[in-house]
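Everything below concerns the one structure shown next.
Each ligand, and each atom within it, is numbered from 1 in the order the structure gives.
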Amino acid sequence: MLAHRLEGIPPTIFSRMSALALSTGAVNLGQGFPDVDGPPEVVDRAVAALREGANQYAPGIGIPMLRQAIARHQQRHYGIELDPDTEVVVTTGCTEAVAAALLGLVDPGDEIVVLEPYYDSYVAMIQMAGGVRRPVTLRAPDFRLDLDELRAAVTPRTRFVLLNTPHNPTGTVLSRVELQAVADLAIEHDLVVITDEVYEHLVFDDHEHVPIATLPGMAERTLTLSSAGKSYSFTGWKVGWATGPAALVGAVLAAKQWLTFTSGSPLQPAVALALDELPDVPRDLAVDLQGRRDLLCAGLTEAGLDVRVPEGTYFATTDVGALGWPDGLSFCLALPERAGVVAIPAQVFYDDQEEGRHRVRWAFCKEPSVIAEGTRRLSAADLRP
Ligand code: GLN
């Protein structure tokens, strides 16, 4: 049994592939979670909070200490000024922020321009909210935003743009020029931009993450979403947030109160400590991750896969078409047995199957020894169908 609002939406690929990794004992280069936890002092703070009695409901909007720390974070990194009492709301991971933003803002029939390939929860939540997605494809081999396609996606029914930068799964970091084009369009058509920036600190080489909220005229029409999961290697804590104008943040809170009501009390002071007292951890992580990115990309190339070197995030993508597979899903389902490795078929993130059919995503947020073992297995295996 399933309500219409969930019709056609399969179980999330991440659960499916991680279950496959567990049942086959394969090296999991699929779901994006680090195999080393974040800083021990942050864990200690959460333990202390549990012991101190932070065990009953937190305020729905989030504890003041964390909201203030989030506001300081936006100030410190981007010069964004926020009122922590009205312009910041704490959520249960960025996934809840996405859900609450869409449920709180989208009316049935509203169109939402969304970058394709898209993170799977966007599609599910747009559909649950009764919205209509208008994908704009980041096309191989460069995965840049095509400004003509972007403009063509906007209709009189468009009310939102749902951005994701740095972008999962392509690893594209949208440039200032691309973001300015989105901003121009948003201002011209009076659109609200909802932007998922959970990989904000995980950018490589000389790439720079630019929050679209910092572009002229955008602060008042942008809802920015992020979390502690990726920046501090606590993906299982599910502490996220939404920031922006009070009217947009208020809509998130209006929906969030009926979803989770409030988010986990003992984790909030710990994340506040991380943001305030360990501001360099995410940058150090990015430097370290860049080395692991290079290790993975070299290993994939050696295994005969055509890899796109990502500018940010946890992920690199390859095209497995040349190997002779009908699609990436059949490749990924065969891979644990063939090679003892799990990857994610990125085709599930596309409406445009011509574009996405053969794309496979690999995670490098893993220990170097795990990446090396995974790619060694790929090199040793016969990867043809
Ligand atoms: N964001 C993670 C990824 O892209 C997975 C999170 C999830 O499993 N929902 O791999």
*Who are the salt bridge (Lys or Arg N to Asp or Glu O under 4.0 Å) partners of Glu149, not counting sequence neighbours?*
Arg139
*Apart from Leu273 itself, which Ile, Leu, Val, Met, Phe, Trp or Tyr residues share its cluster (side-chain heavy atoms under 4.5 Å, direct or through members)?*
Val42, Val43, Val47, Ile63, Met65, Leu66, Ile70, Tyr78, Ile80, Leu82, Val88, Val90, Tyr232, Phe234, Trp237, Val239, Trp241, Leu267, Val271, Leu275, Leu278, Val281
*Under the 4.5 Å side-chain heavy-atom rule for ILVMFWY, direct or indirect, which residues accompany Phe261?*
Tyr57
*Do Glu197 and His209 meet the criterion of a side-chain donor-acceptor pair at a distance under 3.5 Å?*
yes
*Side chains of Glu96 and Thr260: donor-acceptor distance under 3.5 Å anywhere?*
yes
Note every protein N or O atom lying under 3.5 Å from an N or O atom of ligand 1, pairing the names and giving the distance.
{"from": "ligand 1", "atom 1": "1 (N)", "to": "Tyr119", "atom 2": "OH", "distance (Å)": "3.3"}
{"from": "ligand 1", "atom 1": "4 (O)", "to": "Asn168", "atom 2": "ND2", "distance (Å)": "2.9"}
{"from": "ligand 1", "atom 1": "4 (O)", "to": "Arg361", "atom 2": "NH1", "distance (Å)": "2.9"}
{"from": "ligand 1", "atom 1": "8 (O)", "to": "Gln31", "atom 2": "NE2", "distance (Å)": "2.7"}
{"from": "ligand 1", "atom 1": "9 (N)", "to": "Tyr119", "atom 2": "OH", "distance (Å)": "3.0"}
{"from": "ligand 1", "atom 1": "10 (O)", "to": "Gly32", "atom 2": "N", "distance (Å)": "2.7"}
{"from": "ligand 1", "atom 1": "10 (O)", "to": "Arg361", "atom 2": "NH2", "distance (Å)": "2.7"}

*Is it the case that Arg292 places NZ or CZ above or below the six-membered ring of Phe364, under 6.0 angstrom from the centre and within 45 degrees of the axis?*
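Judged by the rule, Arg292 and Phe364 form no cation-pi pair.
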